[in-house]
Structure formats: C-alpha cells, structure tokens
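Okay, so here's the structure we're looking at.
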Amino acid sequence: MAGFVVFQNVTGDSADNSDSKAGPVRTDVRKTALKVAADGSSASLGRRDTAPFSMLGVTWTDPAAKVTGAVEVRTRSAANGTWTSWTPLETDIDGRMEAGPGVRGSTEPRWVGPSNGVEVRVTAGGKVSAKLPAGLRLDTVDPGKDSSLHAAPAAFAAETDAPTDAPSPSDSPAADPTAASEPTPTATESDTAPASETPSATPSATATNSPSPTASASSSPTASTSPSASLPPAPPSTVPKPPITSRAGWGADESISPEAPEYNPTLKAVFVHHTAGTNTYSCADSAAIVRSVYAYHVKSNGWKDIGYNFLVDKCGTIFEGRKGGVDRPVLGSHTYGFNRESTGISVLGNYTTTAAPSAVTTSVARIAAWKLGQYKGDPAGSTMLTAGATQSNYFKKAFTAGTQYSFKQISGHRDGYNSECPGNMLYGQLPAIRSLAAGPVTGLAIKSVTGATLSGTSYYTKSAITVGWSASTPSAFISKYELLVDGKSVATAAGTATSAKATLGVGTHSVQVRATHQSGKTSLSAAATVVADQTAPSFTTKPSLELRTGTVNTTAVPLTLKWKATDTASLKEVRLTAPVAKTYGPTTTSASHTAKSGVATTWSMSAYDFAGNTAAASVSGTPVILQETSATKTGTWTTKSSSSYLGGKSYSSTAKGASLSWTFTGRSAAWVVSRAATSGQAYVYVDGTKVATVDLKSSTTKYRDALWTKSWSTSAKHTVKIVVVATSGRPAVTTDGLVYLK
C-alpha cells in the first residue's frame with residue numbers, strides 16, 4: 001500500500017477520552033505456508049529465525065473448514081532467546097462470519113510478546129480419515145511502535161516475507177492465492193448480511209439475518225465521507241458512558257479497512273468473548289495487542305475490519321473495536337449466526353482456568369450496561385434473537401436459521417456458537433457481570449459512625465456524626481448515596497463517596513444509607529441505632545472515703561473510695577483523675593486505695609456517658625495515726641520496741657479487763673494491732689457500746705494490721721475503747737494504735 005486514508009469520524013462519537021496518538025501505527029503481517037504431510041494428516045513449520053513479531057495464528061483457505069485436531073506453536077523470546085513450550089491455539093472460531101474474496105479460516109490469534117523465532121505443528125486428529133484443510137499457513141504480526149505514528153506514507157510497504165524454510169512445491173504459497181498477498185478487504189458479514197448485499201456469496205453459503213433497509217451497507221457512509229444524515233441514530237443511554245480508547249487512540253491504520261461500516265437496526269444483546277491469548281501481557285502493550293488483532297482479522301482472515309465492537313484489557317481499559325461509532329449499533333463479526341442486533345466485547349487474555357480480575361468484570365459490565373441502555377435493554381434480562389445460521393452451540397443446543405431463540409441480554413460466545421469462548425471462568429462470572437450492570441448495589445453496609453461510641457448494638461452521640469459505609473458494587477455503577485435518619489434523606493453524596501455527615505436531635509434514631517445504582521434501582525443498608533444524648537451523667541452517691549483493713553504504713557494507710565454514677569442513656573465509665581489516674585467500668589462503685597497519713601488528699605472523679613457528656617465530683621480526707629501512747633489506759637500494759645511497729649513501739653497486755661481508749665473527731669476509724677499464733681481476743685466499744693469481739697490470732701506473724709474498722713456517714717466526735725479478754729491459753733493483746741479519717 002502506498003499510503004493510508006484516515007476514517008474521518010463518520011461515527012459522530014468515536015471516543016470520549018484524550019488520545020495521545022496522532023495517527024495510525026503500521027502493522028506488518030508476514031505469511032509463511034506450512035509443509036503438509038503426504039497423507040494430509042499433519043503439517044509443520046520447522047524451527048526458524050523470523051523477522052520480529054508479537055502475535056501469531058494459523059489460517060487456511062476455506063473459511064468453513066475446521067482443524068479437528070490440534071494446532072500448536074512455540075516461539076523464541078527476542079529479549080532472552082529462550083523458547084517457550086508448545087502452546088495450543090484455539091481452533092473453534094468460524095471463518096464464515098464475513099464472506100468475500102480472500103476470507104480465510106483461522107485459529108484465534110495469540111499474543112506471544114516480542115519474538116524472533118517460531119516453530120509450528122498441526123495434526124488433523126485421531127480419525128484415520130481426518131484431513132487438514134488446504135492452504136495452511138502461519139501468519140505472524142508485528143504491531144509496530146507508536147513512534148511510527150508520524151512516518152511518511154511511503155513507509156507502508158509490502159507486508160509479506162518469503163519463508164526461510166521453503167515448503168514443498170505442493171504446499172507453496174502459489175497453491176493458495178491468498179497465501180502471499182493481502183486479501184481484498186471488501187467482504188461483508190456472511191452470517192449477518194442479506195444475500196442481496198453480498199453478491200459474491202450464494203444463498204446456500206450465506207447464514208442470513210437481514211437488517212432493516214436503513215441499516216444496509218448502501219446507506220452507510222464510505223470511509224472518506226463526512227458525518228451525514230444517513231447514519232443511524234445514536235440514542236442516549238439510561239446509564240453513563242464509560243471511558244473508551246478510540247481507534248485513533250490505539251493507533252488503528254484505517255487504510256487497511258476502507259469499507260464503510262454496517263449498522264444493525266437495534267441492539268438487543270451483548271456477547272462476551274476472550275481472545276484466548278496469554279494473561280501475562282503488560283497493560284502498556286494492550287494497544288499493540290488490539291492493533292495486532294485488528295491486523296490479523298483484516299490481513300490474515302480477510303475480514304473488512306476487526307471483528308469485535310469493543311475490547312477490554314486485564315486492567316479494565318476499554319478499546320473501540322470495529323469502526324462506525326461506539327454510540328452506534330455497529331454490525332460486528334464476533335458470534336457466528338447472531339451478529340445481528342448484538343454487540344461483541346472481547347477480553348484480552350485467556351479465562352479458561354483463570355478468573356477475570358475485577359477491573360475486567362467492571363469494565364465489561366459498564367460497556368454492556370451503556371450499550372443496552374441505549375435501547376432500553378435490561379442487563380439482567382432476556383431477549384429473542386433470530387438465528388442467522390443453522391448450527392448448534394457449546395451446550396449442543398440446535399439453532400435453525402430464521403428461527404427466534406431466547407438469550408440472556410449479556411451472554412457468552414458459547415451461548416450462540418459451539419466454542420469454549422469466553423473460557424469457563426469468565427463464563428462463570430457472567431451472572432456477576434449482569435448483576436453489576438443491572439443493579440442494585442450489593443454489599444451495602446454501615447461500617448462506622450464517627451462522633452459516636454458503640455455500646456452493645458447502639459451508638460451514642462451528643463449530636464453531630466459522620467456515617468461511613470462500604471459496598472461491594474464498584475463506585476462506577478453508583479449514581480449517588482443518601483444518608484437517611486428515621487427514613488428521611490438528610491445528606492446526599494456522590495457514588496464515589498464513603499461517608500456523609502448528619503446532625504441529630506436528642507432522642508433515639510434509625511440511621512441508614514441508601515445507594516442508587518446507575519440503573520435507578522436502590523438499596524438500603526441495615527439500620528444503625530444512634531442515640532443523641534446531651535444530658536450529663538450524675539453521681540447519685542457522691543464519692544466518699546472510709547478506712548479499710550490491711551497493713552498500715554505512714555505513707556500508705558489503706559482506705560476505700562466509694563461512689564455511684566448513673567446516666568439517663570448509657571453510662572460508659574468513671575475516671576479517677578487525682579491523686580492517681582484510674583478508670584472504672586459503669587457498674588463499679590468502689591475501689592481500694594492508700595493515702596499518706598497526716599496529709600489532706602482530694603480524690604477527683606468524672607463520670608462519662610457514651611455520648612461524651614461528663615459530670616465531676618470529689619471528696620477529701622486526711623488519715624491520722626494515733627499512737628498507743630496517746631490512749632487513755634487502764635490495767636497493766638507493757639511497752640514493746642521494734643522497727644516493725646508504728647513509731648517503733650507498741651503496748652501489750654495479758655491482764656483481763658486492761659483497756660485503751662482514744663477520742664477523736666472523724667468519719668472512720670481502724671484499730672491497728674500486731675498478730676501471731678498466740679494472740680488473744682479483745683472487746684471493742686464505740687462511744688460506750690460494745691460493738692465487736694476481735695480475735696487477733698494469726699497463723700503468721702503480722703505487724704501494723706488494721707484488723708477492725710468502723711465508719712460513719714458524717715464526721716463527729718467518737719471514742720473507741722479496746723478491752724483485753726484474756727483468752728485462755730493465749731491471753732496477749734498487742735496494739736499499735738488507732739487510725740482515724742478526718
């Protein structure tokens with residue numbers, strides 16, 4: 001070809017993203033005939049060096065013929081020189097999707113990455129009578145580089161190379177008129193175009209499914225025309241259009257497919273495919289892969305254009321396929337017998353044993369929903385399609401040309417044709433794709449309520465909250481979110497948002513999130529109960545102090561701090577902030593502490609509810625140690641000395657009736673003693689009344705032990721007297737003084 005003609009936007013809407021490419025990229029297709037065995041049961045191409053290529057496929061003369069056996073290739077990496085293992089090429093496509101001179105049967109093309117060596121082997125299958133189709137050849141595709149975008153037209157030279165391993169005369173390219181020359185790209189859809197529009201095809205060889213007269217090729221603009229009124233309408237869709245990389249964006253050389261596009265009268269279904277190549281490609285190579293598929297379909301298969309309407313790479317990038325306008329019902333070549341009233345989306349890669357990533361399923365669902373939305377389709381629904389060919393599908397369901405059959409509006413290639421495409425894994429993901437496209441939003445749940453505290457199953461706040469949520473449906477399908485309080489919308493957020501704010505009035509509220517899918521369907525999250533509370537807790541029992549039993553030191557007199565706090569909604573905790581910091585649960589009402597003797601100490605407390613409201617209270621107290629020497633005594637007492645006693649001394653008596661009494665003004669008192677296995681008993685009198693008999697006996701020796709305590713609700717003057725009982729066998733009582741709290 002001496003030059004190229006750019007297709008001048010007859011679509012009216014070729015793309016909606018910024019395309020960095022400024023012109024076409026040259027792709028080279030090299031064709032080498034395979035050597036066929038004398039009995040026709042096998043063919044091969046010996047290992048050889050080649051010009052650079054990145055995609056390959058095997059083609060043959062008769063588009064209706066099949067290879068019933070296996071087609072396998074191995075290639076050499078141009079980067080490191082290593083050879084791959086034998087790799088099968090899928091052979092279940094039908095070459096009859098387009099009719100015309102030069103149209104060939106073929107395997108699916110396979111992307112192998114930059115390579116410079118190849119080897120091919122083909123077998124006809126296990127049957128003795130099985131024969132390979134005539135005209136077998138290997139086609140290798142060099143996708144070109146983006147740097148060639150601005151190359152002069154003269155750079156587009158002949159695109160054939162002589163084989164480096166010459167075939168036998170019977171298998172030479174001359175035996176197949178198409179083996180060494182470009183097919184004439186004037187074909188129309190043999191499985192979709194009416195016989196009147198395909199004069200080169202006889203009715204018996206054509207699987208027809210005629211469009212309405214307005215969609216005929218004769219009413220379509222040519223490659224060199226400008227937009228005109230003859231174009232079919234581009235109806236608005238009910239859902240947003242996803243970003244699409246235009247043909248110019250991936251570097252399509254429009255000169256190799258000069259025919260004008262054909263259009264369907266409407267669009268009822270989407271067929272999902274995979275290209276059956278590798279999944280290990282880099283997404284930076286996706287445009288080159290699309291160019292290679294384009295070149296293979298046109299230059300190798302003899303089709304008028306790339307077969308798919310859209311292509312999606314593993315990163316979710318959507319590419320415009322067949323020309324004619326992404327917003328028009330362009331007739332493609334992708335599902336033999338059902339190209340009419342459908343569009344084809346092919347995912348780059350092989351999804352037979354590998355599931356498609358979420359980026360893929362999201363983009364397939366978005367483009368399917370958008371296209372169906374142009375024609376009031378339902379991505380989760382079904383439709384009737386008229387078969388354009390008599391055949392059967394992958395599931396052995398028979399179709400008769402001219403008869404209508406029910407299809408899911410998002411179907412797999414295998415639903416309409418006997419093909420494994422789009423692979424078991426991707427086919428199994430079609431229900432999820434339909435759900436994404438049709439809605440509603442799934443997995444919607446409230447994840448957090450900031451500004452509130454969770455207690456049990458309810459949140460508590462003073463007023464202002466921020467509600468966070470999540471959904472399993474990607475944000476691309478979500479039109480908006482709404483925050484509902486008691487069933488009423490109080491805030492609206494974009495489909496990309498994950499939170500919204502609200503201000504609540506005092507009381508108990510039901511909070512939900514409502515998501516609107518792009519289809520208009522809505523979903524509600526489970527409700528969260530949020531209590532707005534602005535009433536502070538209260539100390540229904542003010543903090544108080546009293547002495548307790550335990551070992552007494554001048555720096556650590558044992559005492560008990562008591563309180564009771566309540567809240568009208570839900571008490572969270574009570575915190576002691578001085579003289580030490582402690583936090584207590586909502587049901588705790590006392591705690592053991594110690595304090596220095598002779599030092600006035602303030603005990604400060606705060607009560608918190610779950611809404612963040614607080615109340616404060618405090619109590620002060622001073623523990624005072626009264627030595628035994630300060631007591632009024634009767635009877636016989638002996639002074640004992642030891643560093644273990646308070647002040648280094650204590651009184652001991654075995655005399656029955658001997659007594660010690662202390663008078664003080666305070667609210668709590670504790671008698672401090674020394675104890676041993678031989679210790680006896682004493683009576684305790686308070687303000688002249690006997691209140692207890694205390695046994696000092698202990699299996700272990702103890703000093704400074706506060707053994708008996710007494711507390712009063714208010715501070716007052718009291719007298720505590722102890723009297724020796726003179727217990728038989730262990731009469732001794734040793735006292736170390738009295739502690740009181742003022």
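- A side-chain donor-acceptor contact under 3.5 Å links Y427 and D415.
- When side chains are defined from C-beta on, P243 counts as touching R366, because their heavy atoms get closer than 4.5 Å.
- Ring centroids of F271 and F407 are separated by less than 6.0 Å, placing the two rings close together.
- Ion pairing of R247 with D305 is present here, as a side-chain N (NZ or NE/NH1/NH2) and a carboxylate O approach within less than 4.0 Å.
- Counting only heavy atoms from C-beta outward, the side chains of I478 and Q518 never approach each other to under 4.5 Å.
- Here the straight-line distance linking atom CH2 of W370 with atom CD1 of I244 works out to 4.5 Å at 0.5 Å rounding.
- Classified by interplanar angle (parallel below 30°, tilted 30° to 60°, perpendicular above 60°), the ring pair Y481/W469 is tilted.
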*Trace of the side chain to side chain contact (heavy atoms under 4.5 Å, CB included) decision for H274 with N350*: CA-CA 6 Å; H274 70 168; N350 190 318; 3.6 Å; yes
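- Between the side chains of S475 and T496, no donor N or O sits under 3.5 Å from an acceptor N or O.
- When ring centroids are compared, F338 and F399 come within the 6.0 Å threshold.
- Between T75 and the choices V120, T140, T84, the side chain to side chain contact (heavy atoms under 4.5 Å, CB included) rule is met once, by T84.
- Under 3.5 Å, the side chains of Q429 and T361 contain no donor-acceptor pair of N or O atoms.
- Atom CG in D327 sits 6.5 Å away from atom NZ in K371 (nearest 0.5 Å).
- Exactly one of L138, L136, T107 qualifies for a side chain to side chain contact (heavy atoms under 4.5 Å, CB included) with V71. That residue is T107.
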_Steps toward side chain to side chain contact (heavy atoms under 4.5 Å, CB included) verdict (S419, H273)_ = CA-CA 10 Å; S419 167; H273 306 254; over 6 Å; no
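- Rounding to the nearest 0.5 angstrom, the gap separating the OG atom in S363 from the CG atom in L311 is 12.0 Å.
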